[in-house]
Amino acid sequence: SICLLMLTACAKTPDWDYDKSANFSNVKSFAWIPNASLTKDTTHYQISPLMEQRVQKAVNDTLAAQGLQQVAVEQADVLVNYHASVDSKVEIDTFTTGYQARWDNWGFGLQNQTHTQNYEVGTLVIDVIDRSTNQLIWRGAKEGRLKKNQTPEQRTLAIEKTVTTILANFPPK
């Protein structure tokens with residue numbers, strides 16, 4: 001589901017951007033932005049309240065493992081928000097199936113076959129906002145092919161892996 005919805009092993013590496021002037025060494029606590037919603041702008045089957053719970057738990061656990069404490073919004077150094085999107089993509093594979101004699105020209109020629117496949121890609125974006133200035137100071141994103149027919153356990157593991165990978169560069173090294 002943020003593979004994102006099932007981000008798979010062949011997924012791209014994360015994309016990070018951040019404010020180089022921000023002082024990340026002072027970031028010790030976090031809270032979710034009020035009304036943070038993963039499902040707000042999408043009705044895709046895999047981005048559901050169940051997926052939202054998985055992502056929030058994975059973010060909470062990952063930030064806690066990095067030494068940040070979850071506190072009330074008023075006390076937090078940074079606020080966390082997230083977004084998810086799903087896009088359809090087309091994969092085109094052309095492969096050689098053999099040689100074909102062409103006596104009208106020169107000897108032999110290659111015979112190619114093209115196969116196209118539609119698939120869905122989910123992207124998970126995690127934003128970190130400086131609570132005192134209300135400015136975005138860090139953003140991480142990762143996309144991956146959405147897998148169908150996964151068990152809840154497989155979805156949870158995929159989300160945990162995706163979130164851990166995205167937050168591997170927060171705070172920036």
Side-chain angles (χ1 to χ4, degrees), residues 1-87 89 120-147 150-173:
S1 273
I2 300 184
C3 124
L4 214 114
L5 319 171
M6 313 318 49
L7 292 175
T8 62
C10 63
K12 291 182 179 176
T13 55
D15 181 32
W16 293 299
D17 195 11
Y18 61 93
D19 180 353
K20 291 199 175 4
S21 68
N23 185 357
F24 291 95
S25 63
N26 289 339
V27 176
K28 308 290 186 213
S29 61
F30 76 98
W32 285 90
I33 202 165
N35 304 317
S37 173
L38 191 69
T39 57
K40 159 176 70 185
D41 295 322
T42 181
T43 55
H44 190 274
Y45 166 76
Q46 293 198 65
I47 306 177
S48 66
L50 293 171
M51 189 54 58
E52 189 151 32
Q53 291 171 19
R54 290 184 181 108
V55 176
Q56 278 203 4
K57 183 178 185 319
V59 170
N60 291 346
D61 292 349
T62 302
L63 292 178
Q66 293 173 347
L68 274 74
Q69 184 179 5
Q70 188 171 5
V71 298
V73 170
E74 303 76 35
Q75 280 90 50
D77 296 322
V78 294
L79 301 176
V80 178
N81 196 14
Y82 55 5
H83 324 275
S85 65
V86 176
D87 298 302
K89 298 207 173 176
E120 292 180 318
V121 168
T123 302
L124 174 62
V125 179
I126 300 175
D127 286 340
V128 177
I129 297 108
D130 183 321
R131 187 185 63 81
S132 62
T133 63
N134 211 31
Q135 296 297 306
L136 177 69
I137 57 170
W138 186 93
R139 170 172 279 179
K142 191 168 192 299
E143 76 169 27
R145 188 178 295 208
L146 300 190
K147 290 184 165 184
Q150 287 194 306
T151 66
E153 292 77 15
Q154 288 172 318
R155 292 177 195 271
T156 298
L157 282 173
I159 289 301
E160 289 171 353
K161 183 175 180 184
T162 298
V163 168
T164 301
T165 303
I166 293 173
L167 290 173
N169 191 38
F170 180 80
K173 311 295 183 263

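For clarity, every value in this text was computed on a predicted model and none was experimentally measured.
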Query raised in the report: Arg139: what forms a side chain to side chain donor-acceptor pair (under 3.5 Å) with it, not counting sequence neighbours?
Result: Asp127

Query raised in the report: Considering residues at least two apart in sequence or located in another chain, which fulfil the side-chain contact (heavy atoms from CB on, under 4.5 Å) criterion with Thr165?
Result: Pro14, Lys142, Lys161

Query raised in the report: Listed by chain and number, what are the side chain to side chain donor-acceptor pair (under 3.5 Å) partners of Asn26, not counting sequence neighbours?
Result: none

Requested in this report: Run the numbers on Asn60 and Trp32 for side chain to side chain donor-acceptor pair (under 3.5 Å), then give the verdict.
Outcome: CA-CA 9 Å; Asn60 291 346; Trp32 285 90; 2.8 Å; yes

Query raised in the report: Do Phe24 and Val128 touch side chain to side chain, with heavy atoms closer than 4.5 Å?
Result: no

**Report entry** Exam field: side chain Gln154 to backbone Thr151, donor-acceptor pair closer than 3.5 Å
**Finding:** yes

Query raised in the report: Which one of Ile126, Leu63, Thr62 satisfies the side-chain contact (heavy atoms from CB on, under 4.5 Å) criterion with Phe170?
Result: Leu63

Query raised in the report: Taking only residues two or more places apart in sequence, or in another chain, which ones meet Thr133 in a side-chain contact (heavy atoms from CB on, under 4.5 Å)?
Result: Asp130, Gln135

Query raised in the report: Where do Asn169 and Tyr18 come nearest, in terms of heavy atoms and distance?
Result: ND2-CE2, 4.4 Å

Requested in this report: Quick one: list whatever passes side chain to side chain donor-acceptor pair (under 3.5 Å) with Trp16, sequence neighbours left out.
Outcome: none

**Report entry** Nearest heavy-atom neighbours spanning Ile129 and Asn134
**Finding:** CG2-C, 3.6 Å

Report task. Could I get the full list of side-chain contact (heavy atoms from CB on, under 4.5 Å) partners for Ser25, not counting sequence neighbours? Result -> Asn23

**Report entry** Side-chain heavy atoms of Arg54 within contact of Pro152, under 4.5 Å
**Finding:** yes

Report task. Looking only at non-hydrogen atoms, find the nearest pair between Glu160 and Ala58 and report the distance. Result -> CA-CB, 4.1 Å

Requested in this report: Go through Tyr82 and Val125 one step at a time and tell me if the side chain to side chain contact (heavy atoms under 4.5 Å, CB included) criterion holds.
Outcome: CA-CA 5 Å; Tyr82 55 5; Val125 179; over 6 Å; no

Query - All side chain to side chain donor-acceptor pair (under 3.5 Å) counterparts of Asp19, not counting sequence neighbours - result: Ser21

Query - Minimum-distance pair of heavy atoms, taken over all atoms of Ala141 and Ile166 - result: N-CG2, 4.1 Å

Distance-only donor-acceptor hits, side chain of residues 67-80, under 3.5 Å, sequence neighbours excluded:
from	atom 1	to	atom 2	distance (Å)
Asp77	OD2	Lys28	N	2.8
Asp77	OD2	Ser29	N	3.1
Asp77	OD2	Ser29	OG	3.3

